[in-house]
Amino acid sequence: MAASAAHEYVERIVIENCSIATVDADDTEYASGHIVVAGNRIESIGAGRAPEGLENVVRRIDGTGHLVTPGLINTHHHFYQWITRGLATDHNLFDWLVALYPTWAHIDEPMVRAAAQGSLAMMARGGVTTAMDHHYVFPQGSGDLSGAIIGAARDMGVRFTLARGSMDRSVKDGGLPPDFAVETLDGALAGTEATIDAHHDASFDSMTQVAAAPCSPFSISTELLRQGAELARGKGVRMHTHGSETVEEEKFCHELFGMGPTDYFESTGWLGEDVWMAHCVHMNDSDIAAFARTGTGVAHCPSSNARLAAGIARVPDMLAAGVPVGLGVDGTASNESGELHTELRNALLINRLGAHREKALNARQALRLGTYGGAQVLGRADQIGSLEPGKLADLVLWKLDTLAHASIADPVTALVFGAAAPVTLSLVNGKPVVEDNHLITADEDAIARATRDEARRLAQIAAGA
C-alpha cells in the first residue's frame, strides 16, 4: 500500500521567473524564483528555475513581471449585504443598523444565495482564496440560508469559513434589532449546532469550516454568549463576534453590564485562542493586554471603520503586544467595494493617521495582515497564509508589469501601495479559480444580473412592508 501511494499519479503546476513573497516566519523573498505545486500542496519553492526532471507537469507558467504571494484571507464579512449596498451612506453604526434592519428582516434564500455569489466573486477575482461570512439574520420561513451560503462558496471553489451568527436581544429586551429580526435563545443555539454538525470539516485540507458567532453585545443576551461558548468548545469549533467597534457600543456595555466590552466578553468566556473579534476599534491598553494574554484574534476592517466613522483601530499596538490580527472586508453595506486588496492599502494608510504616523505599518506588514495574519485568526496558520512546502496550494500570481505598477521597483510595495493589481492566476487547493483577471468558476455577468434583480426584489418587499 505504501509503495503504491508513493507512485500515485500527482499532477504538477510549475511557476517560474517570478518575484515571490513567501510571508513565512523569516519573510523570505525571491527576486526571481519558482514554485512547484503538486496536487493541492506546495511541493517546493526557491530561487531560480524549478528542478529539472519533474514528472507529470501539466502546466508550466512563465511568471516574468509577476509577484506570487499567498492567497488573501478575509476574516470578517456579511455576504447578504451585497444586495443593500449604497444605502444609509452618511450614518454612524447604530443609526445605520436602525435604518437597515427593517430591510434585512425580509431576506430569503434566493436573495442570500445571489448576495453570497456576488460577495465571493468580487473577493475571489481580487485575490482572496479563503473567505469568511458572518451571517446572523435568519427571518422565519426564509429557507436554508446557511446551506445557500456554503453552496455558493463551494461552487466558486473558494476555501470558506461560515460564522453562524445569531441575535436574541431585540428592542423589547433593550437591544438594537427589531423584534421580528431575532431568534429565540434555544432557536439560535439549535441552529448553530445543526450547522456545525452538517457542514464543519476539521481536516487539514478542509474547504468548509463553521464557527459559532453570536452577533454583538447590543443584539445578544449574556446567556447566548455563555451557552454559545460552551457549544463551540464542546464541538471544537472557533468563536467569532463583533467587539469594541464604536464609542456607542462601549457606552451601551457600561450602562447595561457595568463594564466595558472586553471585560464583559471575558466574563462570559469569550476571550481565548479559539476566538476572534471584528473591528476592536476602541481598545485601551488593558484591553489589548487581555487579547494578547489570551491569544484572542482581531479582524481589522479599515474601510468599514472609516465608512461608519467608527475610528482608527490601534493595530500597531496590537501587533507589538502579540495580538493575532487579520483583515476583513466587512459587509458591503458598509464597504461597497467588497474586495480585500483595498484593505491592504487602507490598513496601511489609515493607521498612519494614528499616533504612530509613518511608522505605523509598512507594505510587508500590511501583506502579512492580509495573508498569514488572517490564517492565524481563522486557526489555520499551519495550513495556509504563507508559501511553504507542505502547505496547501492557495496562491496568487499578480501582474505588475503594466502601466499601473511597472515603474515601482519593489513588487510588494507595488502591490500594497499601488492600484489593484490584475490577477493572472489564483489557485485554491491547487485548482485555478481566476485566470487573466476573470473568474473561471462562475459567470460574473450572470451573477451581476442576479444580484441586481434580488436587490430590486428586496427593496420592493421592504417598501411594501
Counting only N and O atoms by type, is there a donor-acceptor contact under 3.5 Å from the side chain of Glu109 to the main-chain atoms of Asp144?
-> yes

Atom CG of Leu361 and atom CZ of Arg364: how far apart are they, to the nearest 0.5 Å?
-> 13.5 Å

So, the side chain of Thr332 versus the backbone of Trp82: is there a donor-acceptor pair under 3.5 Å, distance only?
-> yes

Are there more than 12 heavy atoms of other residues, nucleotides or ligands under 6.0 Å from atom CD of Glu444?
-> yes

Has Lys235 got more than 12 heavy atoms of other residues, nucleotides or ligands less than 6.0 Å from its NZ?
-> yes

What distance separates Asp453 CG from Leu458 CG, expressed to the nearest 0.5 Å?
-> 12.5 Å

Do side-chain atoms of Thr296 reach the backbone of Gly272 as a donor and acceptor pair under 3.5 angstrom?
-> yes

Of Phe160, Tyr80, Trp104, which meets ring pair (Phe, Tyr, Trp, His ring centres under 6.0 Å) against His135?
-> Tyr80

Could you verify whether a donor N or O on one side chain and an acceptor N or O on the other, from His76 and His78, lie under 3.5 Å apart?
-> yes

No-hydrogen, no-angle side-chain donor-acceptor test under 3.5 Å, His77 and Asp133 | no

How long is the gap from NZ on Lys251 to OG1 on Thr246, to the nearest 0.5 Å?
-> 11.0 Å

Among side-chain atoms of Glu388 and Thr22, is any donor-acceptor pair under 3.5 angstrom?
-> no

Modelled atom types, side-chain donor and acceptor of Asp287 and His282, under 3.5 Å | no

Gap between atom CD1 of Ile220 and atom CZ of Arg169 - 0.5 Å precision = 8.0 Å

Minimum heavy-atom separation for Ala38 to Val10, with atom names?
-> C-CG1, 3.6 Å

Can any side-chain N or O of Glu249 pair as donor or acceptor with the backbone N or O of Ser244 at less than 3.5 Å?
-> yes

Indicate yes or no for a side-chain donor-acceptor contact from Ser119 to the backbone of Ala116 under 3.5 Å, with no hydrogens or angles considered.
-> no

Ignoring hydrogens and angles, tell me if any N or O in the side chain of Thr441 forms a donor-acceptor pair with the backbone of Met156 under 3.5 Å.
-> yes

Looking at side-chain heavy atoms only, is the closest gap between Asn429 and Leu392 below 4.5 Å?
-> yes

Compare every heavy atom of Ser337 with every heavy atom of Met122, then report the nearest pair and how far apart it is.
-> CG-O, 3.5 Å

Is there a donor-acceptor contact under 3.5 Å from the side chain of Asn92 to the main chain of Leu308?
-> no

Look at the rings of Tyr101 and Tyr136 and say which category their plane angle falls in: under 30° parallel, 30 to 60° tilted, over 60° perpendicular.
-> perpendicular

Between atom NZ of Lys431 and atom CD1 of Ile13, what is the distance when rounded to the nearest 0.5 Å?
-> 11.0 Å

Minimum-distance pair of heavy atoms, taken over all atoms of Ile35 and Val68 | CD1-CG1, 3.4 Å

So do Val325 and Leu319 actually touch side chain to side chain, heavy atoms under 4.5 Å?
-> yes

Would you say the side-chain atoms of His279 pair up with the backbone N or O of Gly243, donor to acceptor, closer than 3.5 Å?
-> no

Can you name the nearest heavy-atom pair linking Thr129 to Ser426, along with the distance?
-> CG2-OG, 3.5 Å

Asp179 side chain to Lys172 backbone, donor-acceptor under 3.5 Å | yes

Would you please classify the geometry between the His341 ring and the Trp398 ring as parallel, tilted or perpendicular, with 30° and 60° separating the classes?
-> tilted

Kindly indicate whether the side chain of Leu369, heavy atoms from C-beta on, has any atom under 4.5 Å from the side chain of Val315.
-> yes

Give a yes or no on whether a salt bridge exists between Glu454 and Arg113, defined as a side-chain N under 4.0 angstrom from a carboxylate O.
-> no

Run the salt-bridge test on Asp205 and Arg159 with the 4.0 Å N-O cut-off and return the result as yes or no.
-> no

For Ser166 and Glu183, which heavy atoms make the closest approach, and how far apart are they?
-> CB-OE1, 3.7 Å

Would you say the side chains of Ser203 and Asp201 form a donor-acceptor pair under 3.5 Å?
-> yes

Can you find a heavy atom in the side chain of Met123 that is under 4.5 Å from one in the side chain of Phe79?
-> yes

Would a distance-only check, ignoring hydrogens and angles, find a side-chain to backbone donor-acceptor pair under 3.5 Å from Gln376 to Ala381?
-> no

Ser267 side chain near Phe257 side chain, heavy-atom distance below 4.5 Å | no

pair Leu271-Thr262: side-chain heavy atoms closer than 4.5 Å | yes

Output the distance between atom CG (Leu185) and atom CD (Gln227), rounded to the nearest 0.5 Å.
-> 5.0 Å

If you look at every heavy atom in Ser334 and Asp330, which pair is closest and at what distance?
-> OG-OD2, 3.4 Å

